[in-house]
There are 2 protein chains.
Amino acid sequence: MATDTHRQFKDRLYGQFARIGKALSNPHRLEILELLAQSERTVDSLATEIGLSLANTSQHLQALRQAALVDSRKDGLFVYYRLAGAEVFELSRVLRTVAEGRLAEFERLIREHFSDRVDAEAVPMTELLKRARSKQVVILDTRPASEYIAGHIAGAISVPVDDLQRRLQQLTKGKEYVAYCRGPYCVYADRAVEMLRAHGRRARRLTDGFPEWRAAGLPVTNGVEPGALK
Amino acid sequence: MATDTHRQFKDRLYGQFARIGKALSNPHRLEILELLAQSERTVDSLATEIGLSLANTSQHLQALRQAALVDSRKDGLFVYYRLAGAEVFELSRVLRTVAEGRLAEFERLIREHFSDRVDAEAVPMTELLKRARSKQVVILDTRPASEYIAGHIAGAISVPVDDLQRRLQQLTKGKEYVAYCRGPYCVYADRAVEMLRAHGRRARRLTDGFPEWRAAGLPVTNGVEPGALK
DNA sequence: CAAGTAGTATATTGATTACTTGACTATGGC
DNA sequence: GCCATAGTCAAGTAATCAATATACTACTTG
């Protein structure tokens with residue numbers, strides 16, 4: 001009967017959609033996707049950063065690959081995984097937006113953890129873009145250097161948050177600093193702002209992170225900036 | 001140690017995101033979301049349409065509510081569920097887009113099932129919008145009447161695909177017909193176009209469905225159109 | 001080619017999920 | 001107040017999932 005065929009088709013159709021949903025149903029896999037939105041990474045470096053075993057990380061990556069959300073390339077001993085496309089970041093961003101807007105518990109968690117973050121002071125992307133040409137504004141990329149090299153906001157200099165302390169004297173007091181990192185819930189930029197202010201610098205964080213900036217089609221660069229500090 | 005606190009925060013953060021992902025990880029729940037994108041519905045009507053038991057459907061709806069993707073209201077004996085917001089449709093649409101773009105198997109399934117659908121002939125929303133003012137173009141809503149009443153493309157008339165046969169003579173040959181339904185993978189519009197053409201009418205389907213039209217901010221109406229056919 | 005490292009495959013464990021069944025609650029009609 | 005209907009709840013079962021441990025492959029380096 002025709003309705004049977006139709007049901008069968010629908011089951012297969014939604015079964016395909018659910019493959020994507022299943023890939024998004026695990027916290028660790030979502031964290032992996034956020035890390036891969038910064039730059040491609042090896043299995044081992046993902047495992048270390050997230051705090052999972054190598055085997056477990058590899059399995060999660062297989063799951064993501066079966067949902068076609070990530071691709072990989074092999075280079076010598078290492079297997080580098082990357083997001084399969086810009087839509088994949090878009091997907092995880094929309095998921096995040098829904099969580100932000102709808103989950104009361106999420107709201108509470110954020111308020112609790114970022115009680116000291118003055119959100120009103122965060123710089124939106126549009127504002128930074130306008131003021132980026134000013135020589136007074138210095139954009140700081142507080143992520144690990146490898147992520148900076150893989151891609152960063154045009155004109156930003158790399159100051160991984162762990163190096164900030166010993167590089168403070170290079171960041172003179174006359175300037176105004178805007179720090180960014182991996183995304184709105186990444187704490188690197190918050191820590192950097194805190195440290196800079198403690199040493200008398202004017203500093204604010206960018207509301208969003210690098211992936212959001214790139215997704216908005218704003219200017220990005222990769223490699224090392226010509227005039228970068230060392 | 002500080003890193004422990006940080007790990008704990010991240011686990012809770014991604015745990016929250018994963019609540020949304022988990023809700024999207026089941027084919028039946030995705031089908032429910034698509035139906036609710038058309039109009040609010042009772043548990044029973046969802047169960048019947050999808051072919052699940054009442055209890056099972058109720059449980060899926062609980063799962064969706066815990067992820068804050070749906071809301072409900074009680075009216076007499078009936079409990080009506082609806083999408084919790086426009087972002088929820090946006091989410092399921094992006095998920096669909098990713099599946100379309102990335103899953104080879106999905107591609108195959110669609111080609112197999114819609115082998116006869118001439119995609120080149122489907123009308124994009126922009127084109128329909130432009131031509132909608134012409135008295136020559138008649139827009140047909142082929143979904144069940146209740147969904148039409150809950151909201152439809154401005155100016156469309158309700159012709160549920162099951163009623164089309166007996167209402168054919170009301171649809172004169174001189175006009176040009178554009179049929180739409182629930183979305184790009186809904187077959188109602190295809191069936192309507194097929195039937196109309198078999199009876200000598202000029203007919204094409206809209207590429208997308210009503211939820212996409214509404215999400216694009218294009219003109220919609222609810223209730224019954226003033227000049228509608230009966 | 002031996003040794004070491006990065007990553008994958010497989011088996012096993014306990015936890016979670018989907019679904020069924022039957023009991024239960026809430027509402028409205030008679 | 002009694003019955004029927006819509007929906008939820010709770011318990012049980014089979015299937016799936018996440019994680020571990022262990023064995024294995026692939027590649028590099030000496």
Side-chain angles (χ1 to χ4, degrees), chain A residues 7 10-12 14-33 35-36 39-67 69-82 146, chain B residues 7 10-12 14-33 35-36 39-67 69-82 146:
Chain A
R7 189 56 358 242
K10 278 194 177 170
D11 287 347
R12 289 209 286 160
Y14 289 105
Q16 291 300 314
F17 294 143
R19 284 175 64 189
I20 310 283
K22 282 201 183 82
L24 303 175
S25 70
N26 179 282
H28 295 310
R29 285 199 289 270
L30 293 176
E31 190 169 357
I32 289 174
L33 288 179
L35 287 171
L36 294 181
S39 65
E40 62 171 14
R41 294 186 71 139
T42 65
V43 183
D44 194 74
S45 94
L46 286 166
T48 307
E49 171 118 15
I50 301 184
L52 295 180
S53 73
L54 186 67
N56 195 6
T57 306
S58 177
Q59 281 166 249
H60 280 305
L61 286 165
Q62 304 303 317
L64 288 170
R65 179 158 48 197
Q66 269 167 37
L69 299 185
V70 305
D71 280 333
S72 65
R73 69 181 176 90
K74 185 152 192 180
D75 180 19
L77 269 183
F78 298 90
V79 176
Y80 289 88
Y81 280 84
R82 62 175 177 280
S146 59
Chain B
R7 191 45 14 234
K10 278 193 177 172
D11 287 347
R12 290 209 285 160
Y14 289 105
Q16 291 300 314
F17 293 143
R19 282 174 66 189
I20 310 283
K22 281 201 181 79
L24 303 176
S25 70
N26 178 282
H28 295 310
R29 284 199 290 270
L30 293 176
E31 190 169 359
I32 288 174
L33 289 179
L35 287 171
L36 294 181
S39 66
E40 63 171 17
R41 296 185 69 139
T42 66
V43 183
D44 193 73
S45 94
L46 286 166
T48 307
E49 170 118 16
I50 300 185
L52 295 180
S53 73
L54 186 67
N56 195 7
T57 305
S58 177
Q59 278 160 352
H60 280 307
L61 287 164
Q62 305 303 316
L64 288 170
R65 179 158 47 199
Q66 270 167 35
L69 299 185
V70 305
D71 279 332
S72 64
R73 69 182 175 89
K74 185 151 191 179
D75 181 19
L77 270 183
F78 297 90
V79 177
Y80 289 88
Y81 280 85
R82 61 174 178 281
S146 58

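Throughout, protein chains are lettered first and strands after them, A, B, ... in sequence-line order, and every chain is numbered starting at 1. No experiment lies behind these values; they were computed from the predicted model shown.
Residue contacts shown for A:T42 are limited to sugar-phosphate atoms, with no base heavy atom under 4.0 Å away. Here A:Q59 lies in heavy-atom contact (under 4.0 Å) with a base.
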task = Evaluate the criterion side-chain contact (heavy atoms from CB on, under 4.5 Å) for residue pair A:L61 and A:R65; output intermediate values, then yes/no.
result = CA-CA 6 Å; A:L61 286 165; A:R65 179 158 48 197; over 6 Å; no
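A:H60 has a side-chain polar atom (N or O) that falls below the 4.0 Å cut-off from OP1 or OP2 of D:dA19. Note on A:S58: every side-chain N or O is 4.0 Å or more away from OP1 and OP2 of C:dG7. For the pair B:N26 and C:dA18, the criterion of a side-chain N or O lying under 4.0 Å from OP1 or OP2 is met. Between C:dT20 and B:S53, a contact under 4.0 Å exists linking OP1 or OP2 to a side-chain N or O. When the side-chain nitrogen and oxygen atoms of B:Y81 are compared with OP1 and OP2 of D:dA6, none of them lie within a distance under 4.0 Å.
The interatomic distance linking A:L77 (CG) with C:dA6 (C1') rounds to 5 Å, in whole Å. The distance from atom CD1 of B:I50 to atom C1' of C:dA18 is 14 Å, rounded to the nearest whole Å. Atom pair B:L64:CG and C:dA18:P shows a separation of 10 Å (rounding to whole Å applied). In this structure, B:D44 places its CG atom 5 Å from P of D:dG7, rounding to the nearest Å. In this structure, A:Y80 atom OH and C:dT8 atom P are separated by 13 Å, rounded to whole Å. Whole-Å rounding puts the A:Q62 CD to D:dC17 P distance at 15 Å. The distance from atom CG of B:D75 to atom C1' of C:dA26 is 13 Å, rounded to the nearest whole Å. Atom CD of A:Q66 is separated from atom P of D:dT16 by 14 Å (rounded to the nearest Å).
Residues A:R82 and A:L36 form no side-chain contact, since every pair of their non-hydrogen atoms from C-beta on lies 4.5 Å or further apart. For the pair A:D75/A:T42, no side-chain contact is recorded, criterion being any heavy-atom separation below 4.5 Å from C-beta on.
For the pair B:V79 and A:R29, nearest-nucleotide mapping onto DNA chain D gives the more 5' position to B:V79. The residue among B:L52 and A:V43 whose nearest nucleotide of DNA chain C is located toward the 5' end is A:V43.
In the set C:dT8, C:dT20, D:dA26, C:dT8 carries the atom at the smallest distance from any side-chain atom of A:L54. Distance from the side chain of B:K74 is smallest to C:dT27 among C:dG7, D:dA26, C:dT27. If you check D:dG7, D:dT22, D:dA19 against the side chain of A:A55, the one that comes closest is D:dT22. Here the nucleotide nearest the side chain of A:F78, chosen from C:dG7, D:dT22, C:dT17, is C:dG7.
Separating the CZ atom in A:R41 from the OG1 atom in A:T57 is a distance of 11.0 Å, to the nearest 0.5 Å. Separation of atoms CG (B:L52) and CD1 (B:I32) is listed at 6.5 Å; rounding is to 0.5 Å.
Checked by atom type and distance alone, the side chain of B:T48 pairs as donor or acceptor with a backbone atom of B:D44 at under 3.5 Å.
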